[in-house]
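Take a look at the structure below.
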Protein chains: 2
Amino acid sequence: MTLTAPVASEATSCTPLDLSAALTRPQAEQLATLLKAIADPTRLQLVSFIQASNNAEACVCNLTEPLGLSQPTISHHLKVLTEAGVIIREKRGTWAWYSVNQERWQQLAPLLAS
Amino acid sequence: MTLTAPVASEATSCTPLDLSAALTRPQAEQLATLLKAIADPTRLQLVSFIQASNNAEACVCNLTEPLGLSQPTISHHLKVLTEAGVIIREKRGTWAWYSVNQERWQQLAPLLAS
DNA sequence: TCACTATATTGATGTTTATCTATATAGTTA
DNA sequence: TAACTATATAGATAAACATCAATATAGTGA
């Protein structure tokens, strides 16, 4: 004889939550994708460095040296940020100029204040 | 006319950026730690579920079923969120009640709207 | 005390990710 | 054309992480 499974209506057990106002899985996944893109110290510095540069744009070679990482690693991080829509890539000649998507970045401003 | 070089003043190498206004490494690491805590769809839903519950607090057993994950996994995620200061843990009897750190959560509001 | 319940911790496993070196691609200029 | 430069991609590796089953801890009540 096996033990009885927990009864759903048991008085002392947990009441189901009303989740009609909560984040759905797709919503949570989409938001997590954006947050993952910036949840890395190197990528946060990359965006900050681009923002702090002269015309609010920078190329890969500007960013490699101050971060002390290899060029492919910087390119990789910039790709992640670009695909998340946090920064924008514009090719001019052999250079790739990156600028900050201000609308997206402004959404993150409240978090940066802490 | 010839194609635009990067900037007339610099022919070959990149001009160093002025990073005096940019995020320092320790600042970036601290912020990344907070962002990592919420950059996960399950943890975003956990916070949202707690927020949506009756007194804006929930215990582990409330959260296990709607997420379809094991109890140890939920406890693990709640620990990550607690250590990041996103939620607050209060033990009452055998139950552990979790509530949202409203100040932190409000900083996310602009992102939730997008 | 003992049994039951709620939650936390441990240890293992498969997946993701940050990083490198090596190489490829593409634009510029001789 | 070839050489040079800036950037991207491929492949490998080690670390971090999400998850589970099993177990430990701690509170409650008979």
Side-chain angles (χ1 to χ4, degrees), chain A residues 3-8 10-15 25 28-29 32-33 35-46 50 57-65 67-84 87-98, chain B residues 1-8 10-15 25 28-29 32-33 35-46 50 57-65 67-84 87-98:
Chain A
L3 292 176
T4 57
V7 182
E10 194 173 53
T12 59
S13 79
C14 290
T15 326
R25 189 69 188 184
E29 284 171 351
T33 298
L35 290 171
K36 268 185 210 294
I38 56 172
D40 178 273
T42 295
R43 289 198 286 270
L44 284 170
Q45 284 197 287
L46 278 175
I50 294 168
E57 63 180 7
C59 57
V60 178
C61 62
N62 282 131
L63 302 164
T64 303
E65 187 264 334
L67 279 163
L69 294 172
S70 72
Q71 174 266 314
T73 298
I74 299 297
S75 279
H76 160 71
H77 285 306
L78 291 171
K79 186 179 185 182
V80 172
L81 288 166
T82 302
E83 288 175 347
I87 62 176
I88 296 160
R89 178 183 186 271
E90 185 194 347
K91 194 82 181 288
R92 295 209 293 272
T94 53
W95 284 267
W97 291 93
Y98 289 91
Chain B
M1 76 180 134
T2 59
L3 194 48
T4 65
V7 176
E10 206 65 30
T12 57
S13 73
C14 291
T15 321
R25 189 69 187 183
E29 283 171 352
T33 299
L35 290 171
K36 269 185 210 292
I38 57 174
D40 178 273
T42 295
R43 289 199 284 270
L44 284 170
Q45 285 198 287
L46 278 174
I50 295 169
E57 62 180 8
C59 57
V60 178
C61 61
N62 282 131
L63 301 163
T64 303
E65 187 263 334
L67 278 163
L69 293 172
S70 71
Q71 174 265 314
T73 297
I74 299 297
S75 279
H76 160 71
H77 285 306
L78 291 170
K79 185 180 185 182
V80 172
L81 288 166
T82 302
E83 288 175 345
I87 62 175
I88 298 159
R89 179 182 185 271
E90 185 195 348
K91 195 82 183 285
R92 294 210 294 272
T94 53
W95 286 267
W97 292 93
Y98 289 91

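A, B, ... follow the sequence lines: proteins, then strands. Residue 1 opens every chain.
- Looking at the side chain of A:Arg89, the nearest of the listed nucleotides D:dA8, D:dT19, C:dT19 is D:dA8.
- Note: CD (B:Glu29) to P (D:dA16) measures 13 Å, nearest angstrom.
- What separates CD of A:Glu65 from P of D:dA6 is a distance of 14 Å, to the nearest Å.
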Can you pull every protein N or O that's under 3.5 Å from an N or O on nucleotides 14-17 of chain C?
none

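- Residues that satisfy the side-chain contact (heavy atoms from CB on, under 4.5 Å) test with A:Thr94, not counting sequence neighbours, are absent from this structure.
- Under 4.0 angstrom from either OP1 or OP2 of C:dT7 there lies no side-chain N or O belonging to B:Lys79.
- Every residue meeting the side-chain contact (heavy atoms from CB on, under 4.5 Å) condition with A:Glu29, not counting sequence neighbours, appears here in chain and number order: A:Arg25, B:Pro41.
- As a whole-Å value, the separation of A:Leu78 CG from D:dT7 P is 10 Å.
- The nearest whole Å value for the distance from the NE2 atom in B:His77 to the P atom in C:dT7 is 16 Å.
- To the nearest angstrom, P of D:dA6 lies 16 Å from CD of A:Glu57.
- Atom CG in B:Leu35 sits about 19 Å away from atom P in D:dA16, given to the nearest Å.
- In this structure the side chain of B:Ile50 reaches within 4.5 angstrom of the side chain of B:Leu78, judged on heavy atoms.
- Taking the side chain to side chain donor-acceptor pair (under 3.5 Å) definition, one finds that A:Ser75 meets it with A:Gln71, sequence neighbours left out.
- In this structure, A:Glu65 has no salt bridge (Lys or Arg N to Asp or Glu O under 4.0 Å) partners at least two apart in sequence or on a different chain.
- Among residues two or more places apart in sequence or in another chain, the side chain to side chain donor-acceptor pair (under 3.5 Å) test is passed with B:His76 by none.
- Scored by the side-chain contact (heavy atoms from CB on, under 4.5 Å) test, A:Lys91 finds A:Arg89, A:Ala96 as partners (sequence neighbours excluded).
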Response to the item:
Going 5' to 3' through nucleotides 20-30 of chain D and flagging B where a protein heavy-atom sits under 4.0 Å of the base, S where only the sugar-phosphate is that close, and - otherwise, we get BBB----BS--

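- Note: CD (B:Glu83) to C1' (D:dC17) measures 14 Å, nearest angstrom.
- Scored by the side-chain contact (heavy atoms from CB on, under 4.5 Å) test, A:Thr33 finds no partners at all (sequence neighbours excluded).
- As a whole-Å value, the separation of A:Glu90 CD from D:dA6 C1' is 15 Å.
- Put simply, B:Tyr98 has no side-chain N or O that comes within less than 4.0 Å of OP1 or OP2 on C:dA6.
- Remark: of the listed residues A:Ile87, A:Ile38, A:Leu81, A:Leu81 is the sole one forming a side chain to side chain contact (heavy atoms under 4.5 Å, CB included) with A:Arg43.
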